[in-house]
Amino acid sequence: MKISIASGKGGTGKTTVAVGLALAAKSAVLIDCDVESPNCHIFLREGFPQISEVFVPVPWVDEAKCTFCGVCARVCMFNALAVAGRKIILFERLCHGCGACISACPAGAVKEAKRKVGVVEVDSDGELVLVTGRLSIGEALAVPVIKAAKSLAPPNGLTFIDCPPGTSCTMVEAVKGSDLCILVTEPTPFGLHDLRMAADTLGELEMPAVVVVNRSDGRNESLKEFCSARGLRIAAEFPIDRRAAEAYSRGKHPSLEFEDWKHAFEALLNTVVRTTDGKPS
Amino acid sequence: MREIVILSGKGGTGKTTTAAGFAVLAGCCAVADADVDAPDLHLLLHPEEVERGEFFSGYTAVRSEELCSWCGLCRNACRFDAIDEELRISLLNCEGCGACALVCPNGAIKMQEVLAGEWFVGRTFVGPMVYAKLRPGKGSSGKLVSLVRGKARSVCREAGLELLITDGPPGIGCPVIAAVGGASLAVIVTEPTASGLHDLERVIGVCRHFRVPAAVVINKADLNSPVAGRIRSFCESISAPVLGEIPYDQDVTESIRRGRPLVVHSRGPAAQAVDGIWEAVKRLLKQT
């Protein structure tokens with residue numbers, strides 16, 4: 001069973017919820033797909049992870065065979081190749097690794113090479129496995145690193161996916177293939193505005209979703225109206241709690257320090273697992 | 001013309017609140033909301049729309065049933081799992097690379113432009129504002145960010161303004177790179193948490209990589225003084241100026257609820273801190 005945790009707005013508490021659910025489940029895989037700013041490891045890592053590199057294909061031009069005809073540059077939809085006189089220029093960060101230039105080259109001069117864009121780190125304490133995707137600084141394309149991290153999801157058992165903020169391609173890549181998406185929001189106009197965008201995106205994906213309200217101060221009327229109108233169940237409401245914020249700031253998960261938070265995450269786990277199973281709860 | 005881009009690394013640290021504060025304190029400037037995935041600045045500045053346009057993000061492959069010979073070469077060529085066994089092309093997965101169109105022996109695949117969002121130019125009480133909205137699930141936010149910034153710079157110049165304040169996206173990837181390149185100054189809003197510090201290091205790395213001067217603001221600074229101290233030490237070790245600290249203040253949430261920039265709504269400790277930080281920004285801009 002795969003459960004993704006997304007939001008729309010940044011900083012609503014996705015990582016807090018993802019880590020909390022993984023800890024409550026005890027035996028699970030948590031995949032940190034916020035590859036630009038991965039934070040799950042801050043709360044879970046104890047030793048050193050196993051690290052593997054993530055590569056993307058790039059073209060390499062054999063200038064001995066190249067006739068400088070310019071076809072490769074013309075077929076590239078991303079302007080990653082330019083031919084100037086007898087020089088080929090590759091803008092490697094624009095390259096999407098599609099291979100069109102390789103198949104289009106009439107002289108067979110374009111070959112495939114690879115370059116590193118990030119890493120996948122694996123931490124395991126036996127019961128709980130943490131997979132972290134980490135994009136290299138200066139790299140633009142996060143999606144290949146998200147794909148690499150997600151490829152380590154086991155076919156069985158519980159997998160939680162901590163997704164990036166936003167509503168575009170990185171969030172979609174992280175959420176794809178889940179059985180359920182938990183949208184974490186906060187009861188502010190920014191939270192609601194971005195929740196609406198995130199819910200619209202999940203609608204395009206036909207992804208079942210529930211909402212978790214974090215940092216709730218009871219002033220949730222517009223949020224409740226929105227959820228009700230969209231048929232989105234509010235699976236949990238976590239109150240604004242300075243103790244929890246302070247623990248979080250030290251890199252300690254609130255459920256490991258406070259009994260009430262521990263119980264709240266156990267209850268949420270129960271709710272979402274039963275929702276995904278299709279049983280009423 | 002100078003451009004200040006507000007970044008964070010970690011989401012939810014207070015970029016939009018800070019950007020709105022700077023725009024008001026600057027008095028007269030152009031504003032851009034480059035967080036196209038989750039734009040919120042309009043909820044504080046309430047732009048009156050003056051112009052809008054369509055954003056085309058790239059292409060998608062479309063297969064013609066009449067011309068198709070079902071050879072499946074397109075499916076073999078696709079590296080993005082966008083073509084299934086029935087040779088249906090997934091709009092979601094299609095990267096728009098055209099590799100399938102190139103290998104098709106019958107010319108059955110055409111590349112069609114994808115309408116992915118809208119951009120807007122509006123009037124606000126501080127000056128002109130450029131913002132955008134991506135349609136749900138569409139990619140290419142980096143491209144839309146570049147469009148928003150380009151338009152904001154033109155609008156800024158046409159209005160004879162000398163300052164552009166850009167509310168940036170979270171993270172460090174393609175939308176952030178599109179937001180920061182060529183900026184005069186990146187102001188990074190962080191929070192005194194282990195996550196905030198981790199992500200601050202990464203986003204400053206991006207600014208350095210793209211040769212944009214960066215300065216730091218510590219928001220909700222009183223949440224954890226030791227971590228705030230670690231952030232200061234880190235900034236000092238890499239010669240990144242700390243412009244100031246903003247204390248946690250309920251007026252911030254209240255001002256957002258009322259749809260007003262903090263410095264308009266409140267004279268409390270957070271608003272006063274933003275005032276001081278803006279003075280520090282002005283001093284820094286004179287030096288760079």
Side-chain angles (χ1 to χ4, degrees), chain A residues 7-12 14-15 34-39 42-43 57 75-78 93 96-100 103-104 135 137-143 164-172 176 186 188-190 193-194 197-198 200-205 217 219 242 245-246 248-251, chain B residues 8-13 16 35-40 43 58-59 77 79-80 92 95-99 102-103 111 133-134 136-142 169-178 191-196 198-199 202-203 205-206 209-210 220 223-224 226-227 253 256-257 259:
Chain A
S7 63
K9 189 181 182 314
T12 54
K14 291 179 291 306
T15 296
D34 186 0
V35 303
E36 298 179 33
S37 308
N39 291 151
I42 291 171
F43 302 92
V75 302
C76 180
M77 299 288 263
F78 309 104
R93 294 215 170 103
H96 282 50
C98 70
S103 64
L135 179 70
I137 292 172
E139 288 297 332
L141 297 176
V143 165
T167 56
S168 68
C169 56
T170 50
M171 177 260 204
V172 168
K176 254 196 261 181
E186 59 182 43
T188 65
F190 290 2
H193 176 272
D194 299 350
M197 286 183 75
D200 287 344
T201 298
L202 294 184
E204 292 281 314
L205 300 174
D217 56 2
R219 293 167 65 178
R242 190 152 175 136
E246 196 272 331
Y248 171 92
S249 75
R250 284 184 281 114
Chain B
S8 60
K10 189 180 182 316
T13 56
T16 300
D35 188 0
V36 301
D37 280 21
D40 291 324
L43 298 172
Y59 293 83
R79 295 186 176 195
F80 303 103
L92 196 60
E95 195 84 347
C97 69
L102 276 174
V103 303
M111 302 306 291
K133 201 150 177 173
L134 258 183
K138 293 286 178 278
S140 301
S141 25
I172 62 159
C174 151
V176 169
I177 293 170
E191 58 180 41
T193 65
S195 309
H198 173 274
D199 298 348
R202 285 168 67 74
V203 75
V206 172
H209 188 94
F210 291 96
K220 298 176 261 196
L223 174 64
N224 189 319
V227 178
T253 308
I256 295 171
R257 283 210 162 111

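Order of the sequence lines sets the chain letters (A, B, ...), proteins ahead of strands, with each chain counted from 1.
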Engineer: Could you tell me which portion of A/Lys14 (side chain, backbone, both or neither) has an atom closer than 4.5 angstrom to a non-hydrogen atom of chain B?
Structural biologist: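 Neither part.
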Engineer: What's the spacing between B/Ile172 CD1 and A/Leu135 CG if we round to 0.5 Å?
Structural biologist: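 These two atoms lie 5.0 Å from each other.
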Engineer: Between A/Val172 and chain B, with a heavy-atom cut-off of 4.5 Å, which part of the residue counts as in contact: side chain, backbone, both or neither?
Structural biologist: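 The side chain, not the backbone.
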Engineer: Taking C-beta and beyond as the side chain, do A/Ser37 and B/His198 meet within less than 4.5 Å on heavy atoms?
Structural biologist: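 They are not in side-chain contact.
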Engineer: Below 4.5 Å from any heavy atom of chain B, which atoms of A/Asp217 appear? Answer side chain, backbone, both or neither.
Structural biologist: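 Side chain only.
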Engineer: Is it the side chain or the backbone of A/Thr167 that comes within 4.5 Å of chain B heavy atoms, both, or neither?
Structural biologist: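 Contact with chain B: backbone and side chain both.
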Engineer: Pick one of side chain, backbone, both or neither for A/Ile42, based on which atoms fall under 4.5 Å of a heavy atom in chain B.
Structural biologist: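 Contact with chain B: side chain only.
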Engineer: Sort B/Leu223 into side chain, backbone, both or neither according to what part of it lies under 4.5 angstrom from a heavy atom of chain A.
Structural biologist: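 It is both, since atoms from each part get that close.
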Engineer: In terms of heavy-atom proximity below 4.5 Å to chain B, should A/Ala142 be classed as side chain, backbone, both, or neither?
Structural biologist: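 Contact with chain B: none, neither part.
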Engineer: What part of A/Val143 is in contact with chain B, defined as an atom under 4.5 angstrom from a non-hydrogen atom: side chain, backbone, both or neither?
Structural biologist: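 Interface part for A/Val143: neither.
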Engineer: Heavy-atom distance under 4.5 Å to chain A: side chain of B/Thr253, backbone, both or neither?
Structural biologist: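 When you check distances to chain A, only side chain atoms of B/Thr253 fall under 4.5 Å.
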Engineer: Which residues pass the side chain to side chain contact (heavy atoms under 4.5 Å, CB included) test with A/Cys76, sequence neighbours left out?
Structural biologist: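 If we apply the side chain to side chain contact (heavy atoms under 4.5 Å, CB included) test to A/Cys76, skipping adjacent residues, the hits are A/Phe78, A/Ala80.
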Engineer: Where does A/Arg93 contact chain B at under 4.5 Å (heavy atoms): side chain, backbone, both or neither?
Structural biologist: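 Just its side chain gets close to chain B.
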Engineer: If I measure from the heavy atoms of chain B, does A/Leu202 come under 4.5 Å with its side chain, its backbone, both, or neither?
Structural biologist: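 Contact with chain B is absent: no heavy atom of A/Leu202 under 4.5 Å.
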Engineer: State, yes or no, whether a side-chain contact exists between A/Glu36 and B/Pro170 at a heavy-atom distance under 4.5 Å.
Structural biologist: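 A/Glu36 vs B/Pro170: side chains apart.
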Engineer: Of all the heavy-atom pairs spanning B/Phe80 and A/His96, show the shortest one and how long it is.
Structural biologist: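 Smallest heavy-atom distance, with atoms named: CZ-O, 3.4 Å.
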Engineer: Below 4.5 Å, heavy atoms only, C-beta onward: do B/Pro136 and A/Glu204 meet side chain to side chain?
Structural biologist: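 Heavy-atom side-chain distance check passes, below 4.5 Å.
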Engineer: Which bit of A/Pro164 comes within less than 4.5 Å of chain B, counting heavy atoms only: side chain, backbone, both or neither?
Structural biologist: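 Interface part for A/Pro164: neither.
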Engineer: Determine whether A/Met197 and B/Lys133 satisfy the following criterion, side-chain contact (heavy atoms from CB on, under 4.5 Å), listing intermediate values before the conclusion.
Structural biologist: CA-CA 10 Å; A/Met197 286 183 75; B/Lys133 201 150 177 173; 4.0 Å; yes
